[in-house]
Amino acid sequence: MPELYSTVDYHTGGEPFRIVASLPVTIEGSGVAEKRVFAMQSAEIEHIRQVLCFEPRGHADMYGGFIVEPDDDGAHFGVLFWHKDGFSTACGHGTIALGVWAIESGLVAADPSGITDVIIDVPSGRVTARVHSTGDLVTSVDFINVASYVLAERVPVSTSLGDVEVDVTFGGAIYAQLDASTVGLTVTPDDAAAVIAIGREIKWALNDSVHAVHPTDDRLSGIYGTIVFESLQPTADGSVRQRNATIFADGELDRSPCGSGTCARIATLTANGTLPDGGTLVHDSIVGSQFTAIVLDRTEVSGHAAVMPQVTGMAFKTGEHLFSVDPRDTLTPGFVLR
């Protein structure tokens with residue numbers, strides 16, 4: 001008998017998100033963070049991730065999530081985010097897609113007011129997808145993330161393009177951030193290969209360093225990705241505007257402006273004074289999609305000044321799939337070429 005896997009696929013700002021609502025195996029753990037550790041160590045679950053992420057059913061830049069039980073009844077559901085190399089701790093573009101899916105699928109009833117909070121437990125904590133709708137039509141989603149804060153500023157890194165300095169910030173995952181202009185790059189499709197290359201270099205140079213240690217939960221340690229950014233002219237209303245490409249896992253390029261990465265950026269821009277109190281960051285992606293982000297509140301985490309970020313975007317359904325794996329297929333679970 002073939003293996004069968006049902007998925008619902010969305011894209012957020014061009015970045016795919018494959019939702020798997022039901023699995024044939026149990027993911028054990030007392031909470032979503034523990035379930036992530038279990039999934040990483042389970043050959044069965046790894047097999048399913050690879051089947052749905054790798055070619056020929058996916059590709060090297062595929063992204064998705066397994067729906068799991070929440071930590072408690074305060075959330076609607078939990079999710080384990082995955083990519084070609086494993087399981088991540090956070091995903092803003094995925095949270096936005098999950099908010100749309102929860103309303104469109106009827107899993108969460110839309111509030112008659114037109115604003116519905118979909119509460120989701122993820123490995124980095126509890127987040128909210130605040131879904132805005134008009135009638136039956138979802139119009140936008142606010143991703144309200146965990147507290148985000150700078151871990152280290154102006155960290156020196158030696159790269160093939162010379163010595164650079166990066167800021168390291170937690171936004172649900174830990175990101176290094178590089179100004180593209182300091183290495184002669186632009187965040188455009190023409191420079192995509194070079195952006196991926198420098199992003200990978202910086203990630204692996206810092207991944208096991210003291211700068212990538214989470215202050216309270218070592219399961220969140222490590223550089224998840226490198227945000228290569230460039231500053232653009234402010235918008236007509238004076239909002240800060242930047243364009244970025246987030247290189248995460250081992251060389252995946254986020255097509256969206258990156259939700260958790262945007263949270264890291266507004267924490268950094270608030271800390272260095274670029275984003276004023278009450279200001280908005282207009283965040284573009286390498287393919288021209290856009291998020292907007294604001295600071296909802298300020299707090300403190302383990303001695304770090306932190307912000308409570310909100311990132312607004314939209315996701316669109318691209319299809320529903322019933323994937324089949326023939327037991328005779330020698331290419332199972334698949335392959336990636338990067």
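Only this structure's heavy atoms are used, side chains among them; waters, hydrogens and symmetry mates stay out.
If you check the side chains of T299 and D297, you find no donor sitting under 3.5 Å from an acceptor. No donor-acceptor contact under 3.5 angstrom links the side chains of T169 and D167, judged on distance only. One side chain, D191 or T186, offers a donor N or O that lies under 3.5 Å from an acceptor on the other. Judged by distance alone, the side chains of Y224 and S260 never bring a donor and an acceptor atom under 3.5 Å apart. Side-chain contact annotation: D190 with T188, donor-acceptor N/O pair under 3.5 Å absent.
Checked by atom type and distance alone, the side chain of E320 never pairs as donor or acceptor with a backbone atom of V8 at under 3.5 Å.
Within 6.0 Å of CZ in R154 there are 12 or fewer heavy atoms belonging to other residues, nucleotides or ligands.
At a threshold of 4.5 Å between non-hydrogen side-chain atoms, the residues N145 and F143 count as touching. In this structure, the side chains of F229 and D179 come closer than 4.5 Å at one or more pairs of heavy atoms. In this structure, P156 and D163 have side chains that are not in contact, with every pair of non-hydrogen atoms separated by 4.5 Å or more. For the pair R130/D117, a side-chain contact is recorded, criterion being any heavy-atom separation below 4.5 Å from C-beta on.
The aromatic rings of F248 and H83 sit perpendicular, their planes meeting at an angle over 60°, well past the 30° parallel limit. The aromatic rings of H93 and F17 lie perpendicular to each other, with more than 60° between the two planes, well past the 30° mark. The aromatic rings of F170 and H214 lie perpendicular to each other, with more than 60° between the two planes, well past the 30° mark.
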>> Does R36 form a side chain to side chain contact (heavy atoms under 4.5 Å, CB included) with V32? I'd like the steps, not just the answer.
In response: CA-CA 6 Å; R36 173 176 176 260; V32 173; 5.8 Å; no
